[in-house]
Amino acid sequence: MPTLLLTLLLSLNVALASSAFSYQGFATANLTLDGLAVVMPNGLLALTNFTSQQKGHAFHPAPLRFLNTTASSTAVARSFSASFVFAIVSVVDGLSDQGLAFVVAPTSDLSSANGGQYLGLLNATNGTASDHILAVELDTIWNPELSDINSNHVGINVNSLISRQAKPAGYYADDDGMAFRDLMLNSRRPMQVWVDYDGQGRRLNVTLAPVQAPKPKNPLLSEAIDLSTIVADTMYAGFSSSSGVVSTHHYVLGWSFSFDGPAPPLDFSKLPSLPHVGPKPPSKILYIALPLAIMLLIAAVSAVAFILWRRRRFAEVREDWEEDFGPHRFAYKDLFHATDGFKNRNVLGVGGFGKVYKGVLPVSNLEIAVKRVSHDSRQGIREFIAEVVSIGRLRHRNLAQLLGYCRRNGELLLVYDYMANGSLDKYLHNKNGPALCWPQRYWIVKGIASSLLYLHEDWEQVVIHRDIKASNVLLDREMNGRLGDFGLARLYDHGTDAQTTHVVGTMGYLAPELMRTGKATPTTDVFAFGVFLLEVVCGRRPIGSDEHNNPVVLVDWVLEHHRNGSIIDTVDSRLEGKFNMEEVSIVLRLGLLCAHPLPNTRPSMRKVMQYLDGDQIAPHLAPTFMSYNEMALMQSEGFDSYITPCPPLAAGICSGSGESLVTVLFDGR
Ligand SMILES: *[C@@H]1O[C@H](CO)[C@@H](O)[C@H](O)[C@H]1NC(C)=O
Ligand SMILES: *[C@@H]1O[C@H](CO)[C@@H](O)[C@H](O)[C@H]1NC(C)=O
Ligand SMILES: *[C@@H]1O[C@H](CO)[C@@H](O)[C@H](O)[C@H]1NC(C)=O
Ligand SMILES: *[C@@H]1O[C@H](CO)[C@@H](O)[C@H](O)[C@H]1NC(C)=O
Ligand SMILES: *[C@@H]1O[C@H](CO)[C@@H](O)[C@H](O)[C@H]1NC(C)=O
Ligand SMILES: *[C@@H]1O[C@H](CO)[C@@H](O)[C@H](O)[C@H]1NC(C)=O
């Protein structure tokens, strides 16, 4: 017997004690649902959907004991506390025709109640005491027949749809001197409700507040009521709603309940989020997300545009065969940055092939000169690059070092060592600029001669420069002459059609046979070198003009003076007579000899070097000498056949000792 009693008491205690719960969303709650009520996948409890004139109920599955029968003969209603978060979301903002109610009822099956009216609680306006129904209504419709005060109120109902007490929805703000603040129940915003019953004080309080706000100290409704005669022993707690004609959702997001103490606080961070209904609340989308998305889009578009622009800006042409030349290949980006984006103020000069820019390589701080050569023809570029790279392997102190290249669409960039003192022609022909003294000129001439010798004979391949001239002779910091731009002419050679070969080089430096055949050889280089020698000594351009604006060919002019025995008069007046007569005479004679119209007559660069070094005595030219122009003219008119094979006669070039070194058969007319 005692054991049985103890068991009974224990089980009773368990039932009474274990009736506190807390739901943050209802995904795992196993609520007892009927009608339209569903628990959505995210845990949101929807009591209604847009089906009109229907009801929905949701109850905690287990019954709860609302009466304390242990103490005395008369049962007393227990203290309890409930809190929940709800939201009324209507497609038409601010308009809904039914509310919802927190319900304590003796059964969880209210399915027989009237559908579209009375909150789904009762069949009629007034029920009876046997209904044992306590409800807290959150009503959004004004029913005069139910004595509603307005269309947005909270009321306490017992066995009836007519509230014992009702107040407009709102709360007393603690932080604002208890000022009353209105709340719109159907504002689509979640709100929290507390329903507290004090069993000893026999008072029921109902409090409302916006979600996440602390519970206001003053309740909205406080009703003296003894529930002991109203509730039954075991009751079900839950929610009830019904749908009217305006499409409205009644949601419950979370719910906690406890006897004899405050309901456990809800964890708002775990509450399910509300779905958007009808026209979406513009707040987040329009004011935050949309501008953000537009900004992101703009940012993304500009990033892509920037990348494309950068890629395009720094685009290069690179082909498989260039892999071998890797070390000589420069990135366009580096050259771009080195020259400050090829700014005009970095232009060192403008040549026939394009502009030359000064630059400083970003990492190595090496000073460079970048030549931009526009090159339309794809033909021959491969051979040319191969040549450029092999030229890059040339090492001579009188060569402007070619460091590498870069290719872009229709453009070739050649990277050279930077030459501090620029090109020689500006010293020779700029009458206002600084003049070079004779030893400097002689030193430069010898340097260029030795570099040409290196190209023609001393390197593994014969390299023909094709464009020797003063403007292609650069001066480094120590005023050493350095030959630049080798082989560039060849790019254009390769690029041209064999049928329509046109001569590449510079007028005034072109050997006559080059004009006819278009074929560059070491001797055509020697011819140009000869003109260059005269240019250096005389300080005159290869083709100048006299006071009557008639063209004057430098070679002919010097030859003329030679014939008249006044060759020394051709020396640049800027030297003011300060020069070594012997050296000047050697250079002038060599100039004429090298610039001889007949290729076979011209000395090799090795010979030239020996003459300049004084290892061999430079040949003297016989004064009887026909104009080179005349001879060239005759050649081009087809006199070749007999000029070349014939032994010497009238015109001759004699060594200083009178010994005929080179002989040319030509009968001056
Ligand atoms: C509303 O809920 C009921 C019952 O769950 C269902 O039959 C009906 O299709 C739903 N209507 C809408 C519009 O979702
Ligand atoms: C859910 O409740 C029903 C009825 O109250 C019950 O039969 C069922 O076992 C419960 N399920 C779970 C998982 O609690
Ligand atoms: C029931 O009432 C008695 C006397 O009023 C009280 O001592 C007891 O704690 C109450 N039990 C519960 C579970 O409230
Ligand atoms: C409501 O009325 C129906 C008949 O229309 C009846 O079956 C049902 O029991 C009534 N429900 C209540 C709660 O009175
Ligand atoms: C419902 O009950 C109230 C009193 O609680 C009474 O004034 C009213 O007339 C009743 N209505 C109906 C329709 O019985
Ligand atoms: C109800 O509210 C009153 C103040 O209006 C307060 O004194 C009382 O303690 C409250 N009761 C409960 C159960 O919250």
Side-chain angles (χ1 to χ4, degrees), residues 20 26 31-42 44-59 66 68 76-84 89-92 96-98 100 102 104 109-111 113 115-116 120 134 136 154-156 164-167 170-174 177-180 192-209 214-228 230-231 239-252 256-265 274-278:
F26 300 92
L31 299 178
T32 302
L33 305 172
D34 68 38
L36 301 179
V38 287
V39 172
M40 295 165 71
N42 70 344
L44 188 65
L45 169 61
L47 293 169
T48 58
N49 61 23
F50 293 162
T51 309
S52 64
Q53 306 294 329
Q54 299 278 321
K55 59 193 179 292
H57 300 113
F59 284 98
F66 272 76
N68 181 354
V76 175
R78 298 169 66 191
S79 298
F80 69 88
S81 170
S83 92
F84 61 93
V89 179
S90 165
V91 260
V92 184
S96 60
D97 50 9
Q98 301 284 328
L100 78 154
F102 171 70
V104 178
D109 181 15
L110 293 181
S111 53
L134 169 71
V136 173
V154 182
I156 295 170
R164 283 175 67 118
Q165 191 191 355
K167 289 244 181 89
Y171 65 107
Y172 299 96
D174 292 338
M178 302 298 170
F180 187 78
Q192 189 168 11
V193 176
W194 292 264
V195 178
D196 301 296
Y197 178 66
D198 178 0
Q200 251 169 348
R202 293 173 168 84
R203 180 168 287 275
L204 183 70
N205 290 354
V206 176
T207 315
L208 181 68
K215 182 182 180 182
K217 282 198 189 75
N218 270 16
L220 177 65
L221 300 173
S222 187
E223 174 80 351
I225 183 170
D226 185 0
L227 293 182
S228 308
I230 295 167
V231 296
F239 301 92
S240 172
S241 182
S242 63
S243 56
V245 290
V246 179
S247 297
T248 307
H249 278 297
H250 300 88
Y251 294 116
V252 181
S256 66
F257 183 93
S258 173
F259 282 112
D260 307 316
L274 292 170
H276 292 295
V277 165

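Atoms within a ligand are numbered from 1 in the order they appear, just like the ligands themselves.
Heavy-atom contacts of Leu36 reach the following atoms of ligand 1: 1 (C), 2 (O), 3 (C) (cutoff under 4.0 Å).
Contact check on Arg203 versus Glu223 returns no salt bridge, with no Lys/Arg side-chain nitrogen under 4.0 Å from an Asp/Glu carboxylate oxygen. At a threshold of 4.0 Å, the pair Asp196-Lys215 counts as salt-bridged, since one of the basic side-chain nitrogens sits closer than that to a carboxylate oxygen.
With sequence neighbours left out, Phe59 forms a ring-ring contact (aromatic ring centres under 6.0 Å, His included) with no residue at all. In this structure Tyr172 satisfies the ring-ring contact (aromatic ring centres under 6.0 Å, His included) test together with Phe180, sequence neighbours excluded. Taking the ring-ring contact (aromatic ring centres under 6.0 Å, His included) definition, one finds that Tyr171 meets it with nothing, sequence neighbours left out.
Within 4.0 Å of ligand 6, protein heavy atoms come from Asp196, Asp198, Asn205, Pro219, Ser222.
Ring-centre distance between Phe259 and Phe66: below the 6.0 Å cut-off.
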